[in-house]
Amino acid sequence: MMQLLELADLPECGLSVAFSPGAQAEVAVGCADGSLSVWAPSPWAETARWELPVLSVSRVGWSANGGWLAGGGEGQQVFIVPPERGSPPTRVRLPAMVHDLCWSPRGATLAVAAGKELVLLDPGGEVRERWNTGEHTAEALAWHPREDGRLATAHFGGLTLWREGRPEPTERLTWQEPFGTLAWHPAAAWIAAGSHEQTLHLWKLPSLDDVMMRGYPGKVSHVLFAYRGERLVTAAKNALVIWTLRPEASPEGQHPEILELHQGGLSCVLASPSGSHLFTADSEGIMALWRFRRGETVLVDTLGLGVGIQRAAWSPRGDRLALTTEEGGLALVGLLSAGAGLW
């Protein structure tokens, strides 16, 4: 069951939030006023804060070892905070605002999508790689789940696959629609992307055979794989659309689960660290916890916060969620299973 544990005030609306992967499980928050802060949960206590010279911080991310923190947004810069919190953040100038950033899953390389450039940085801010993404802005990026140095970007016209050390893309997955979200299957069997034109597109790897699903009620705002890669979770407006993936079988022609519990637009759709559960939240402040079962997705609990939810992040153990609200709140929600303690 879900329970509200803590609620604190932020200086402005929190546009991004992330738990650190370490045992300490600190929470980083980027705000609409350009601030980046770190909080210790239970009870909430702000342990560090930086007023960055940008209009907003819409993306934050921790390195795999939890030592380095990156933040960026509306401003042609990204900032990297070292493990020694007393040291000032390293500033790296970019050609455009930060649309997305992500640390490599096993190493310490920061990928930043800024306008029509994809930049790879080491923790000290030194450029390791710089690619021109072409005539269209890279809206999202994701690292390959199994191979270091490989990643993908989403943009108008499809996806582009990159490999560190190569000056040109390794693959271009073309489809003339504007893509704003993407996700790798955990075994790299598929790569999926959501379009602003109410479609979902999948490419089978390594064959690159493609499948398209139409009929979404709006742009596909969330795409993720869960439940050992057997479920592809997508969202558009207030609808959750969940596809079942089977080995060597395309989901084309399948009737997906369509879950319409939410009335407000879905702002958060996140799989738990184990992939067994799903958390969703909307612009009207309703949260829902779901559990995957073979052949169905079961509602476990709901909780209303009374204010629209902006962003959310799971803790590394999957026992808590940090959330930011549209009115500048920072909430901590605990997950309690009957008779079994915290998940």
Side-chain angles (χ1 to χ4, degrees), residues 15-18 30 32 54-61 70-78 92 94-104 109-121 129-145 150-163 169-185 190-203 210 212-214 216 218-225 232-237 241 265-270 310-313:
L15 302 179
S16 51
V17 61
V54 293
L55 294 178
S56 65
V57 179
S58 57
R59 296 288 187 273
V60 297
E74 197 173 350
Q76 296 173 293
Q77 302 166 88
V78 68
V92 181
L94 300 165
M97 68 173 286
V98 174
H99 287 87
D100 203 0
L101 61 80
C102 186
W103 291 92
S104 56
T109 301
L110 177 66
V112 184
K116 298 174 183 177
E117 281 198 3
L118 174 60
V119 182
L120 301 188
L121 303 168
E129 202 84 57
R130 187 186 295 269
W131 291 299
N132 187 311
T133 60
E135 53 186 274
H136 301 297
T137 297
E139 298 287 343
L141 63 87
W143 289 91
H144 192 287
R150 292 187 64 190
L151 64 164
T153 52
H155 47 80
F156 183 91
L159 308 184
T160 303
L161 307 188
W162 310 85
R163 185 188 292 273
T170 58
E171 300 285 353
R172 295 186 188 273
L173 312 180
T174 58
W175 192 266
Q176 292 307 307
E177 289 186 10
F179 292 96
T181 57
L182 81 156
W184 291 89
H185 184 272
W190 296 89
I191 189 167
S195 167
H196 296 303
E197 296 186 1
Q198 300 170 261
T199 65
L200 171 72
H201 213 95
L202 291 93
W203 286 267
D210 59 322
M212 183 174 65
M213 281 73 159
R214 298 184 182 274
Y216 282 84
K219 78 172 184 178
V220 179
S221 55
H222 298 82
V223 175
L224 59 99
F225 291 92
L232 174 57
V233 181
T234 62
K237 291 189 174 179
V241 181
L266 284 159
S267 54
C268 307
V269 180
L270 303 166
Q310 186 81 12
R311 294 290 182 268

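- When each of E177, K219, R214 is paired with E197, the side-chain contact (heavy atoms from CB on, under 4.5 Å) condition holds for E177 and for no other.
- In this structure a side-chain-to-backbone donor-acceptor pair under 3.5 Å is present from R311 to L15.
- Nearest heavy-atom pair, A18 versus A313, reported as atom, atom and distance to 0.1 Å: CA-CB, 3.9 Å.
- A donor-acceptor pair under 3.5 Å is absent between the side-chain atoms of W190 and the main chain of L202, judged by distance alone.
- Shortest non-hydrogen contact noted between L120 and A111 is CD2-CB, 3.6 Å.
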Full working for side-chain contact (heavy atoms from CB on, under 4.5 Å) between D210 and L173: CA-CA 9 Å; D210 59 322; L173 312 180; over 6 Å; no

Pair L232-L200, side-chain contact (heavy atoms from CB on, under 4.5 Å): steps then yes or no: CA-CA 11 Å; L232 174 57; L200 171 72; 3.8 Å; yes

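- To the nearest 0.5 Å, the span separating CE on M97 from CD on Q76 amounts to 10.0 Å.
- Between W162 and N132 the shortest heavy-atom distance is CH2-O, 3.6 Å.
- The closest donor-acceptor contact from the side chain of S58 to the backbone of E74 lies at 3.5 Å or more, if one exists at all.
- Although no hydrogens or angles enter the test, the distance criterion places a donor-acceptor pair under 3.5 Å between the side chain of D100 and the main chain of L141.
- The backbone N or O of H99 sits less than 3.5 Å from a side-chain atom of R59, completing a donor-acceptor pair.
- For the residue pair A235 and L266, the shortest heavy atom distance occurs at CB-CD1, 3.8 Å.
- Side chain of T160 to backbone of T153: no donor-acceptor contact under 3.5 angstrom is found.
- In this structure, L151 CG and R163 CZ are separated by 10.5 Å, a value rounded to the nearest 0.5 Å.
- Here CD of E139 is found 11.5 Å from CZ of F156. Values are rounded to the nearest 0.5 Å.
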From CA spacing to verdict: side-chain contact (heavy atoms from CB on, under 4.5 Å), L161, I191: CA-CA 10 Å; L161 307 188; I191 189 167; 4.1 Å; yes

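- From H136, atom NE2 reaches atom NZ of K116 across 8.0 Å, with rounding to the nearest 0.5 Å.
- No side-chain donor-acceptor contact under 3.5 Å links S56 to the backbone of A32.
- With values rounded to the nearest 0.5 angstrom, W184 atom CH2 is found 11.5 Å from W143 atom CH2.
- Using a 30° and 60° split on the angle between ring planes, W175 and H201 fall in the tilted class, from 30° to 60°.
- Although no hydrogens or angles enter the test, the distance criterion places a donor-acceptor pair under 3.5 Å between the side chain of T181 and the main chain of G194.
- Judged purely by atom type and a 3.5 angstrom limit, T133 has no side-chain atom pairing as donor or acceptor with the backbone of L118.
- Qualifying side chain to side chain donor-acceptor pair (under 3.5 Å) partners for T234, counting only residues two or more places apart in sequence or in other chains: Y216.
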Step-by-step side-chain contact (heavy atoms from CB on, under 4.5 Å) determination, V220 to F179: CA-CA 9 Å; V220 179; F179 292 96; over 6 Å; no

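- Once rounded to the nearest 0.5 Å, the distance linking CD of E171 with CH2 of W203 reads 12.0 Å.
- Residue V78 comes nearest to V98 through the heavy atom pair CB-CG2, 4.4 Å, listed as atom of the first residue, atom of the second, then distance.
- Counting all heavy atoms, side chain and backbone alike, A138 lies closest to A113 at O-CB, 3.8 Å.
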